[in-house]
Trainee: 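Dropping a structure here in structure tokens format, bear with me for questions.
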Amino acid sequence: MKAEPETRIVKGVDVKFSIDNLRQMPNSISEWDGVRNFEARNIMRDQMKIGDKILFYHSNCKAPGVAGVATIVREGYPDYTAFDPDHPYFDTKSNKEEPKWYMVDVQFECKFSQVLTLNSLKQADELKEMVLIKRGRLSVQPVRKSEYDFILSNAEIEG
DNA sequence: GCCAACGTTGGC
DNA sequence: GCCAACGTTGGC
């Protein structure tokens, strides 16, 4: 799951969100709101289950890469930020009766001492088929167990 | 249901 | 800040 750790202003609101921001939330839990892509939405709505681990990826920043791990603690439910005209993620085409967008809740699991950069991930033969490498440009995407295990085995966990 | 125009993502 | 790649929209 990708988030942007550096300041980005959308309708006057800074939408940056890093692994540190997640850790600092109450109980280190946050809603994963603002996803406005059908394929990414379907993954959150239909596939993610409580207890699933996710790789927290920092995108659109100086050092893009995997920053740590989080866990799904609530399965897909309507992304209500789409209903609020004052919210940066408002969408006129979504409403409570027929929600167009969905989100999950995630809880901080661990942070890597150093971000595993996209550049370094690209060097690994084990990750050649990874959606992140092959395709990019999708903010919620599937990770094979072998890819997840490889990434974790190459990460140093902070603390 | 095609596809051109347009908008967004996200690395660099 | 540029721009390639890709997703979405809307006219026909």
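In what follows, chains are A, B, ... by sequence order, proteins preceding strands, each numbered from 1. Source: prediction; values computed, not measured.
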Trainee: Are A/W32 and A/Y102 close enough that their ring centres sit under 6.0 Å apart?
Mentor: no

Trainee: Between atom CG in A/L138 and atom C1' in C/dG7, what is the gap in whole Å?
Mentor: 10 Å

Trainee: Nearest-Å distance, CE (A/M130) to P (B/dG11)?
Mentor: 12 Å

Trainee: Applying the 4.5 Å side-chain criterion to the ILVMFWY set and letting contacts propagate, would A/Y57 and A/I133 be lumped into a single cluster?
Mentor: yes

Trainee: Taking the six-membered ring for Trp, is the centroid-to-centroid distance between A/F83 and A/W101 below 6.0 Å?
Mentor: no

Trainee: Does B/dC12 have its OP1 or OP2 closer than 4.0 Å to a side-chain nitrogen or oxygen of A/K122?
Mentor: yes

Trainee: Between B/dG11 atom C1' and A/E4 atom CD, what is the distance in whole Å?
Mentor: 12 Å

Trainee: Choosing from B/dG10, C/dT8, C/dT9, which nucleotide comes nearest the side chain of A/S59?
Mentor: B/dG10

Trainee: To the nearest Å, how far apart are A/Q141 CD and C/dG7 P?
Mentor: 12 Å

Trainee: When all nucleic acid strands are considered with a 4.0 Å heavy-atom cut-off, which category describes A/N119: base, sugar-phosphate, or nothing?
Mentor: nothing

Trainee: Between A/N60 and A/K93, which residue's closest nucleotide on DNA chain C lies nearer the 5′ terminus?
Mentor: A/N60

Trainee: Can you measure A/N42 atom CG to C/dG7 atom C1' for me and round it to whole angstrom units?
Mentor: 14 Å

Trainee: Within less than 4.0 Å of OP1 or OP2 of C/dG7, is there a side-chain N or O belonging to A/R135?
Mentor: yes

Trainee: Do the charged groups of A/R8 and A/D14 touch, with an N to O distance under 4.0 Å?
Mentor: no

Trainee: Between B/dG11 and A/Y57, is there an OP1 or OP2 to side-chain N/O distance shorter than 4.0 Å?
Mentor: yes

Trainee: Under 4.0 angstrom, heavy atoms only, what part of the nucleic acid is A/K62 near: base, sugar-phosphate, or nothing?
Mentor: nothing

Trainee: In whole Å, I'd like the distance from the CD1 atom of A/I133 to the C1' atom of B/dT9.
Mentor: 16 Å

Trainee: How long is the line joining CZ of A/F17 and P of B/dT9, in whole Å?
Mentor: 17 Å

Trainee: Nearest whole angstrom, please: distance from the P of B/dG11 to the CD of A/E6.
Mentor: 11 Å

Trainee: Can we say A/E158 and A/R23 salt-bridge, meaning some charged N sits less than 4.0 Å from an Asp/Glu carboxylate O?
Mentor: yes

Trainee: Give one of base, sugar-phosphate or nothing for A/R36, where a contact means two heavy atoms less than 4.0 Å apart.
Mentor: nothing

Trainee: For A/K2 and B/dT9, is the shortest distance between a side-chain N/O and OP1 or OP2 below 4.0 Å?
Mentor: no

Trainee: Which nucleotide in the set C/dT8, B/dG10, B/dT9 lies at the smallest distance from any side-chain heavy atom of A/R8?
Mentor: B/dT9

Trainee: For the side chain of A/K100, starting at C-beta, report the closest nucleotide among C/dT8, B/dG10, C/dT9.
Mentor: C/dT9

